[in-house]
Protein chains: 2
Amino acid sequence: MDSTGTGTGFAARGHDHGQCVADALAMAEAVCARRNARLTRLRRRVFEMLWAAHKPTRAYDLLDRLRSEHDGAAPPTVYRALDFLLEHGLIHKLESLNAYIGCVQPDAPHRGQFLICEDCQSVAELDDPDIARRVLAKAHDLGFAVRHQTIEVSGTCADCSEARDERGRDA
Amino acid sequence: MDSTGTGTGFAARGHDHGQCVADALAMAEAVCARRNARLTRLRRRVFEMLWAAHKPTRAYDLLDRLRSEHDGAAPPTVYRALDFLLEHGLIHKLESLNAYIGCVQPDAPHRGQFLICEDCQSVAELDDPDIARRVLAKAHDLGFAVRHQTIEVSGTCADCSEARDERGRDA
DNA sequence: ACGATTGTTGAAACAGTATAACATTACCCG
DNA sequence: CGGGTAATGTTATACTGTTTCAACAATCGT
Ligand SMILES: [Zn+2]
Ligand SMILES: [Zn+2]
Ligand SMILES: [Zn+2]
Ligand SMILES: [Zn+2]
């Protein structure tokens, strides 16, 4: 299930990333097939790039990479692909970064919660029902009908905290 | 304490908005005085505009209003004022809208949670410690050190839901 | 097979959001 | 006053995202 094999939401540093990307792609194919959505070459390529990067990636970075392998690429090219992938829940947009990242569980639609490391740009996608439920409950108390939740937490991941501690001892 | 007099986080429709803006301004003055921060005319003006609008406002909308009363205004003019106000917790940025809004409780620094009505653009700033705590707890489990939380919920507020229901009955 | 319909891509221009860099002015303090 | 720091003016530029229309391709009903 968890192709990164960590259980923490963060990708393990030594994981088999080739397999990780292949698994994600297979999952995307399956999801699209089930819905008669067309995962065209362009869309598949953008999805692959996002997974290959394994960290939040900006639209124009994707565009640069697209251009390097295909001349006609322009902003709408990448934004249209992103829109498609977003619609089908295959990727998420991180609003606080204006960046995009592959979804770790595209099977069931969900509003992810994200932990974003400011040091190494790694991202953990949580799916904590408690958090989502608490937000829903509070909104419901106020008569507010929730359509979408954006929950993004920035800070420092465990690895980077350790590294920082070690540097601290050296100094 | 709650100058809008609602207790729901949303501003009441009939509230004394002149007083509401004046209260916010007084609070901002107090906060800045306490910290020896200079709430200059420009910064005060931007803060006032945000409170006067009482809904998420974009930087370039503020800029347009500034220009109408002051020739030299340019993008940096407004962004610098916004930066100052953000630093001192007098306003918040809504990442999912690229818009800014006055903070309802600038005394204590906090990471607000926002309910954003897609119909009427009204915003409720919550300060639910349960939500924040649950996010912190989950992050802590993963060894993640939280610096900042972005929690924005879009949907439909109670007033707009009612209005929609009534339109539904008419049809 | 055929045309109508729909979805996808190509291409150019444009709109909106934000910052960099440097010159100038206003404020504070000794 | 002089000298330093904070704030603003000014210009230019980078980054993010949309609109528009034309061309093309897959799909579907006949
Ligand atoms: Zn991987
Ligand atoms: Zn990290
Ligand atoms: Zn008001
Ligand atoms: Zn509303």
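Numbered from 1 within each chain, the chains take letters A, B, ... in sequence-line order. This one's a predicted model, so the numbers in the text were calculated from it and none came from an experiment.
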Given DNA chain D, 5'-ward residue of the pair A:Pro75 and B:Asp71, judged by closest heavy atom: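 That would be B:Asp71.
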
Presence of B:His70 side-chain N/O under 4.0 Å of D:dT8 phosphate oxygens OP1/OP2: no

Phosphate contact (C:dA18 OP1 or OP2) by B:Tyr100 side-chain N/O below 4.0 Å: yes

Donor/acceptor link under 3.5 angstrom from A:Arg80 side chain onto base of C:dG10: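 Side chain to base: pair present.
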
Proximity to the side chain of [X] - top-ranked nucleotide from [options]:
X	options	result
A:Asn98	D:dT8, D:dT11, D:dT16	D:dT16
A:Arg38	D:dT16, D:dA26, C:dT19	D:dA26
A:Thr40	D:dA26, C:dT19, C:dT9	C:dT9
B:Lys93	C:dA18, D:dG17, C:dA11	C:dA18
B:Ala74	D:dG17, D:dG9, D:dT11	D:dT11
A:Tyr79	C:dT9, D:dT16, C:dA18	D:dT16
B:Arg43	D:dA7, D:dT11, C:dA18	D:dA7

Tell me the interatomic distance from [X], atom [atom1], to [N], atom [atom2], rounded to whole angstroms.
X	N	atom1	atom2	answer
A:Leu82	D:dT16	CG	C1'	12 Å
B:Asn36	D:dA7	CG	P	12 Å
A:Arg58	D:dA14	CZ	P	16 Å
A:Leu63	D:dT16	CG	P	11 Å
B:Leu97	C:dA18	CG	C1'	17 Å
B:Leu94	C:dA18	CG	C1'	17 Å
B:Leu39	C:dC27	CG	C1'	16 Å
B:Arg44	D:dA7	CZ	P	14 Å

Aromatic ring pairing B:His17/B:His54, orientation class (parallel under 30°, perpendicular over 60°, tilted between): tilted

Parallel, tilted or perpendicular: ring planes of A:Phe84 versus A:His88, cut at 30 and 60 degrees: tilted

A:Thr150 vs A:Glu95, side chain to side chain donor-acceptor pair (under 3.5 Å): CA-CA, chis, key distance, verdict: CA-CA 8 Å; A:Thr150 299; A:Glu95 299 285 357; 5.2 Å; no

Residues B:His92, B:Phe114; criterion ring pair (Phe, Tyr, Trp, His ring centres under 6.0 Å); working and verdict: CA-CA 10 Å; B:His92 294 287; B:Phe114 300 92; 5.1 Å; yes

Any donor-acceptor pair under 3.5 Å from B:Arg134 side chain to B:Pro129 backbone: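 Checked: no pair found.
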
Any donor-acceptor N/O pair, B:Glu152 side chain to B:Gln113 backbone, under 3.5 Å: no

Sugar-phosphate only, base, or nothing, as touched by A:Phe84 at under 4.0 Å among non-hydrogen atoms: nothing

Aromatic stack A:Tyr60/D:dC15: centroid gap under 5.5 Å, interplanar angle under 30°: no

